[in-house]
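Working notes, beginning with the structure itself.
Because only heavy atoms are used, hydrogens play no part in the values below, and waters and symmetry mates are left out as well, while side chains stay in.
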Amino acid sequence: MIDTAGSGAGSSLGPAEAEQTEEEREEELRRAEQKAERENTEREIESGNSTLTRRERRRVSAHSRLSALTVFSIIRSEGEEELRRPTSSLWWSGIAAGIGISTSVFAQALLYDTLEGSPNRWLVSSLGYSVGFIFVILSRLQLFTENTLSVVLPMLSEPSWGKLGLSARLWTIVLTANFIGTFLTAFFVMVMSDGGDAEASSHVTAMLEVSKHAAQSQGWTALVKGIPAGFFIAGLVWMLPSSKGFELWVIMVFTALIAAGGFTHVIAGSTEMFMLVIDGQKSIEAAFTGYLLPTFAGNVIGGTGLFAMLSYGQIHAEI
């Protein structure tokens with residue numbers, strides 16, 4: 001015998017649950033209407049191209065820019081994938097990124113050393129700062145400042161405590177691994193300079209000069225200068241899906257701008273700070289409290305607080 005009273009009680013919904021269900025239905029309806037509207041717009045555009053041949057329509061499609069919603073979806077999808085990667089994968093990729101980004105300091109110092117006496121010494125040497133970023137980004141290694149955008153978009157589109165926890169996990173692992181990679185590089189460079197090789201010593205001296213220049217930004221100044229750097233890196237991540245073969249130049253332009261403008265980047269800057277620490281010119285406490293922590297805050301404000309919020313805001317009504 002079926003207990004109709006029990007089944008009826010089990011199927012009833014409380015006011016809060018009924019209200020939540022109604023809100024979910026309204027949200028699904030809104031998204032369905034937006035999708036239908038975008039599909040109608042696409043059909044109207046296609047009907048306008050009805051006089052074109054199939055080859056001409058393919059050319060039109062190939063030369064069309066990606067929409068903001070498409071770019072957002074690409075980066076969000078990449079962020080979702082990164083959030084679910086195993087800890088060991090994030091860890092070793094982060095260490096490799098820390099080692100790789102240190103080539104920015106070396107390449108910049110190499111040009112700085114070569115251009116001694118040139119009135120444009122600092123400006124031209126800033127081009128070398130792009131080398132590490134090109135290496136890390138095109139190698140798809142885990143760089144903390146890239147993740148201020150990519151792993152935040154999934155949380156913004158569908159906020160939950162679970163995604164917040166995954167984001168915190170990724171940030172902690174990658175930032176720590178990046179620092180270990182840059183410290184290992186700085187230690188190796190300083191040990192190499194003790195070998196008596198005059199040319200190597202000259203390059204290390206130039207790296208220390210570049211590092212001292214970076215260390216002039218301390219505290220509040222480092223934080224403020226970190227905001228544009230975080231914004232540029234997040235903007236760079238946003239532009240890559242639309243670059244279509246010009247990724248190298250996009251990376252070069254914006255990362256060189258960070259160096260030329262004297263802006264602060266927490267990972268590349270950690271190589272410089274660790275070199276000064278190992279050389280005895282700065283304490284580890286001063287390196288973190290005076291430069292790395294303020295720069296970290298500035299990069300997060302610029303990458304997540306500004307660019308991620310603005311990029312999400314421009315497509316919020318379309319998703």
Side-chain angles (χ1 to χ4, degrees), residues 75-107 129-155 162-190 211 214 226 229-230 232-238 240 247 251 254-255 258 264-275 277-278 284 287-288 291-304 307-308:
I75 298 175
R76 180 181 62 181
S77 177
E78 292 177 350
E80 293 275 9
E81 181 181 349
E82 297 297 338
L83 286 174
R84 286 165 174 76
R85 290 186 68 187
T87 298
S88 61
S89 300
L90 295 173
W91 178 257
W92 292 112
S93 181
I95 290 178
I99 295 172
I101 200 68
S102 300
T103 58
S104 284
V105 182
F106 174 74
Y129 193 76
S130 303
V131 174
F133 289 91
I134 293 170
F135 178 84
V136 169
I137 294 173
L138 296 186
S139 297
R140 301 301 300 270
L141 299 176
Q142 288 289 336
L143 184 66
F144 170 76
T145 45
E146 281 190 274
N147 291 324
T148 57
L149 176 68
S150 58
V151 303
V152 171
L153 295 188
M155 187 171 59
K163 286 189 176 177
L164 179 61
L166 288 173
S167 299
R169 162 186 167 269
L170 185 144
W171 274 18
T172 302
I173 294 170
V174 170
L175 183 60
T176 304
N178 285 169
F179 280 160
I180 289 175
T182 55
F183 180 82
L184 290 174
T185 306
F187 180 79
F188 173 79
V189 168
M190 295 307 297
S211 299
F232 290 150
I233 296 296
L236 168 60
V237 174
W238 184 268
L240 285 178
E247 294 90 347
I251 297 170
F254 283 91
T255 53
I258 292 174
T264 54
H265 185 273
V266 65
I267 307 303
S270 67
T271 302
E272 298 167 326
M273 296 305 107
F274 289 148
M275 286 191 65
V277 168
I278 295 170
I284 189 68
F288 272 93
Y291 185 92
L292 294 178
L293 290 179
T295 299
F296 165 82
N299 289 169
V300 171
I301 292 171
T304 298
F307 196 94

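- Between F179 and I267 the shortest side-chain heavy-atom distance falls below 4.5 Å.
- Other residues, nucleotides and ligands place no more than 12 heavy atoms under 6.0 Å from the CZ atom of R140.
- Under the rule for a side chain to side chain contact (heavy atoms under 4.5 Å, CB included), the partners of S150 that lie at least two apart in sequence or sit in another chain are I75, N147.
- Side-chain atoms of I137 and L240, non-hydrogen and from C-beta on, do get closer than 4.5 Å to each other.
- Side-chain contact check for E272 versus M275: every heavy-atom pair is 4.5 Å or farther apart.
- Under the ring-ring contact (aromatic ring centres under 6.0 Å, His included) criterion, F183 pairs with F274, sequence neighbours left out.
- Every residue two or more places apart in sequence or in another chain that forms a side chain to side chain donor-acceptor pair (under 3.5 Å) with S130 is listed here: T255.
- You'll find the side chain of I251 reaches within 4.5 Å of the side chain of L138, heavy atoms only.
- Note: L149 CG to E78 CD = 10.0 Å, rounded to the nearest 0.5 Å.
- Pairs of residues two or more places apart, or lying in two chains, that qualify as salt bridge (Lys or Arg N to Asp or Glu O under 4.0 Å) and include a residue from residues 162-179 are E80-K163, E158-K163.
- Counting heavy atoms from C-beta outward, I233 and I258 have side chains that approach closer than 4.5 Å.
- With rounding to the nearest 0.5 angstrom, the CG atom of N299 is 10.0 Å from the CG atom of L175.
- When all heavy atoms are compared, the tightest approach of V152 to A308 is CG1-CB, 4.2 Å.
- Judged as a side chain to side chain donor-acceptor pair (under 3.5 Å), the pairs with a partner in residues 173-184 (not counting sequence neighbours) are, in order, T182-S270.
- Proximity of a side-chain donor or acceptor of T304 to a complementary backbone N or O of T148 within less than 3.5 Å is detected.
- Taking the side chain to side chain donor-acceptor pair (under 3.5 Å) definition, one finds that S104 meets it with nothing, sequence neighbours left out.
- Looking only at distances, a side-chain donor or acceptor of T264 sits under 3.5 Å from a matching main-chain atom of G226.
- Partners of F133 according to the ring-ring contact (aromatic ring centres under 6.0 Å, His included) rule, which considers only residues two or more places apart in sequence or in another chain, are Y129, H265.
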Pair up each side-chain donor or acceptor in residues 88-99 with any protein partner under 3.5 Å, not counting sequence neighbours, and list the distances.
residue, atom, partner, partner atom, Å
S93, OG, Q142, N, 2.9

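- For E247, the side chain to side chain donor-acceptor pair (under 3.5 Å) criterion is met by no residue, not counting sequence neighbours.
- Scored by the side chain to side chain contact (heavy atoms under 4.5 Å, CB included) test, T103 finds V131 as partners (sequence neighbours excluded).
- Applying the ring-ring contact (aromatic ring centres under 6.0 Å, His included) criterion to W171, with sequence neighbours excluded, gives F144.
- Qualifying ring-ring contact (aromatic ring centres under 6.0 Å, His included) partners for F187, counting only residues two or more places apart in sequence or in other chains: none.
- No side-chain heavy atom of V237 sits under 4.5 Å from any side-chain heavy atom of F307.
- Counting only heavy atoms from C-beta outward, the side chains of W238 and L153 approach each other to under 4.5 Å.
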